[in-house]
Amino acid sequence: MPATLTPPAADPAASVRAGAVPRRRTRLLALPEVRRAAAATALFLLALPLQLAGAPALIWGALYVLSYATGGWEPGWEGLKALKGRTLDVDLLMVVAALGAASIGQVMDGALLIVIFATSGALEALATARTADSVRGLLDLAPATATRIAADGTEQTLPVDELAVGDTVLVRPGERVGADGRVLDGASEVDQTSITGEPLPALKEPGDEVFAGTLNGTGALRVRVERDASDSVIARIVRMVEEASETKAPTQLFIEKVEQRYSLGMVAATLAVFGVPLAFGEAFSEALLRGMTFMIVASPCAVVLATMPPLLSAIANAGRHGVLVKSAVGMERLGQIDAVALDKTGTLTEGTPRVVDVRPLRERGLDEVELLTFAAAAEHPSEHPLARAVVDAARERGLDLPATEGFTSAPGIGVMAVVGGRTVQVGAPARLLAEAEAEVEVEVEAKCAADAGGDTDGVVAALVRELEESGRSAVLVVVDGTPAGVLGIADRLRPDAAATVAALTVLTGTAPTLLTGDNPRAAARLAAEAGVEDVRAGLLPQEKVGAVRELEGAGRRVMVVGDGVNDAPALAAAHIGVAMGRAGSDLALETADAVIVRDELVAVPATVALSRRARELVVQNLVIAGVFIAGLVVWDLAGTLPLPLGVAGHEGSTVLVGLNGLRLLRDSAWKRAAPEGTGTPAGAAKL
């Protein structure tokens, strides 16, 4: 009876996605910024319909006043403290502008400005809190306790913080390693994706290094502790993310770079427009009206809107196409990059091992289908990632698997089962060849007289060497004690990887760099397929950060694209970090400035091109706003600008730059930004 191809049961020990960070979420209303913004918004939404419905001004006016106080007192107070330190904060200027609007009867406009600023502050506070949550939660990857083996052989369970260098700990099957150390005894395959990013578990034997927080497989290990808990690789990742976040240059939008001079100039000019005519005998009411008119027409509302609508429209457009850009600053920074560093596993590749080669030994009488059927049937009960890859390959071909009996698994060697009355072994070529060597030699000697000494062992070794040199993991299939063929397993390149690399090369003028913790052969093979020439393999998290800082030290603005815990420090250290969303670790998702939600790698260059178009529209809007402001200011100073006309001109320029920025909401904007090979040239077209 053929076995039903059902997905293998989940391993409880591996139920938490490798590399995922347990959630430690700060509650939304625990943040004072969120509470203030929510209260100010609620009060505004209560007052507005009452005002429009013609309710008594005392009622809706009081609600607006409460909205002003709730949402504006904190930025106003911080602005006053900054003013005391001889710095004019743009938030204070916005509060003053809101109060100025109220003083001339534009109460609703001022309240809306307060609500917008309060909401912006709340979003920034929430993003900061969530990043801090994910960094703290990273420490949960390492277990809280470990089993220490005393000199007399007794076992003691104790907190990992109490382990000392030189202690011996026991790591049972399915447990997470409690400390960085070296294997003294035992063999097992350890999933260390969270540290190195390797897609397949690594065989650990005596003398091999293991890391705290990595997941042990089916074997038991005795490990000698070589680092304190505070100095483990996981702890160092936490420190690197925190340090990179703290030392990263303060992010500023383009217009904020000139806010101090503009703000000071506008305040000084407003006082002069009011005070000078007053000093020369002009009536107080007329001088005040002229000054208020000047403040309105010269206020930075249009300038602020010149910046935000294009960036927010680009964010919204990218969001519709599966890219979450977390802030306007992040969207602006995407367009500034001139160098790209890509992770391999889960970023350039799908992150899932697949059978890519089926090589039967024809003289053994098996074809590709038969070889894969035997291997998949034997591997079906196994939970190993390679086993799942073999079973998935059989499922994709629609093969019926014979019933399996007597299944056994040996860590570091492979599996053995009786399939259709024949004994099948699947596993590491070196180990299985050593076990089958005697039987192979007997068969070869019997055949030599008729066939000039065929060397089966040499043929298998050549196949294994060929596959491994091409970056694949070789799996030997032995049937009834005789090698029957070899399977090649590898992580598959994403279909859009080559187009993405080509598009990023065009956008930045330099081919991307590959940063990976995987082995050099696998990295080189994937890089060649994707078109990447600069390959840096075998990197630990701190070495990825070093590579990013090396590029930035050469004056480059680097975008890092990754998905794992091991990528998080580099994402934080880079000019802009982008995480792959579907398989991305929580820490990478929180640390990154943008997330590719649908895991479409080609969306990365499209978003970069969209950001650059947004920056072009920002410049256009600044020119438009500047022309309007200059014209209205000259009119007010040289003649008599009627207040209603000044307000109309100011609001007209604001609407104009807003509509110009909204052009990026159109689907055509994304299509024109899409890389070549997915519809249109990469960022070449203009809107």
Side-chain angles (χ1 to χ4, degrees), residues 2-11 14 18 188-189 191 193 198-203 217-218 345 349-361 364 366-420 422-433 435-436 460 463-464 466-468 470-493 522 525:
T4 303
L5 282 173
T6 56
D11 183 354
S188 184
E189 290 176 318
D191 184 347
T193 306
E198 291 180 277
L200 301 176
L203 175 62
T218 56
T345 305
T349 70
E350 295 175 348
T352 304
R354 295 178 179 273
V355 175
V356 293
D357 287 287
V358 181
R359 303 285 189 89
L361 298 176
R364 296 300 156 203
L366 297 180
D367 58 20
E368 290 186 7
V369 171
E370 292 170 321
L371 180 66
L372 185 58
T373 299
F374 274 122
E379 293 275 28
H380 191 249
S382 175
E383 293 295 330
H384 195 283
L386 291 182
R388 291 196 290 271
V390 174
V391 174
D392 286 345
R395 182 182 293 115
E396 289 171 2
R397 296 194 183 197
L399 303 182
D400 290 330
L401 301 188
T404 300
E405 300 175 353
F407 174 83
T408 60
S409 174
I413 298 177
V415 302
M416 182 171 66
V418 177
V419 180
R422 306 183 70 175
T423 300
V424 179
Q425 293 172 279
V426 184
R431 298 294 183 88
L432 294 184
L433 280 175
E435 292 183 3
V460 173
L463 278 176
V464 170
E466 177 188 342
L467 291 173
E468 290 182 345
S470 63
R472 290 159 169 77
S473 296
V475 175
L476 178 63
V477 182
V478 177
V479 179
D480 291 333
T482 303
V486 181
L487 306 179
I489 299 179
D491 191 4
R492 190 164 63 184
L493 197 70
R525 177 183 65 83

(request) Quick one: closest heavy-atom pair of Gly481 and Val478, and the distance? (result) C-CG1, 3.4 Å

(request) Kindly compute the distance separating CG (Leu366) from CG (Leu372), expressed to the nearest 0.5 Å. (result) 11.5 Å

(request) With side chain to side chain contact (heavy atoms under 4.5 Å, CB included) as the test, would you mind laying out the steps for Val464 and Leu476 before giving the verdict? (result) CA-CA 8 Å; Val464 170; Leu476 178 63; 5.7 Å; no

(message) Between Arg359 and Glu466 (salt bridge meaning N to carboxylate O under 4.0 Å), is one present in this structure?
(response) yes

(request) Would you indicate whether the side-chain heavy atoms of Leu361 and Val460 approach each other to under 4.5 Å? (result) yes

(message) Between Thr404 (side chain only) and Ala377 (backbone N and O only), is there a donor and an acceptor less than 3.5 Å apart?
(response) yes

(message) Quick one, Val475 and Leu386 - any side-chain contact, counting heavy atoms below 4.5 Å?
(response) yes

(message) Could you report the tightest heavy-atom contact between Val419 and Ala378, atom names first, then the distance?
(response) CG2-N, 4.0 Å

(message) Quick one, Glu379 and His384 - any side-chain contact, counting heavy atoms below 4.5 Å?
(response) no

(request) May I ask you to test the Phe374-Pro402 pair for a side-chain heavy-atom distance under 4.5 Å? (result) no

(message) For Ala376 versus Ala394, what's the shortest heavy-atom pair and its separation?
(response) CB-CB, 3.5 Å

(message) Which heavy atom of Val358 sits nearest to which heavy atom of Val355, and what is that distance?
(response) CG2-CG1, 3.9 Å

(request) Begin from the C-alpha positions of Val390 and Val426 and carry the test side chain to side chain contact (heavy atoms under 4.5 Å, CB included) through to its verdict. (result) CA-CA 10 Å; Val390 174; Val426 184; 5.5 Å; no

(message) Within the 4.5 Å heavy-atom criterion, are Val477 and Pro483 side-chain neighbours or not?
(response) no

(message) For the backbone of Thr352 and the side chain of Asp491, can you confirm whether one donor and one acceptor N or O come within less than 3.5 Å of each other?
(response) yes

(request) Begin with the C-alpha distance, continue with both residues' side-chain angles, and end with the deciding distance and a verdict on side chain to side chain contact (heavy atoms under 4.5 Å, CB included) for Val479 and Thr423. (result) CA-CA 6 Å; Val479 179; Thr423 300; over 6 Å; no

(message) Would you compute the distance between atom CG of Leu487 and atom CG of Leu463 and round it to the nearest 0.5 angstrom?
(response) 11.0 Å

(message) Rounded to the nearest 0.5 Å, what separates atom CZ in Arg397 from atom CD in Glu368?
(response) 5.5 Å

(message) Return the OG to CE distance between Ser409 and Met416, rounded to the nearest 0.5 Å.
(response) 10.5 Å

(request) Check the pair Glu396 / Arg354 against side chain to side chain contact (heavy atoms under 4.5 Å, CB included), numbers first and verdict last. (result) CA-CA 11 Å; Glu396 289 171 2; Arg354 295 178 179 273; 3.2 Å; yes

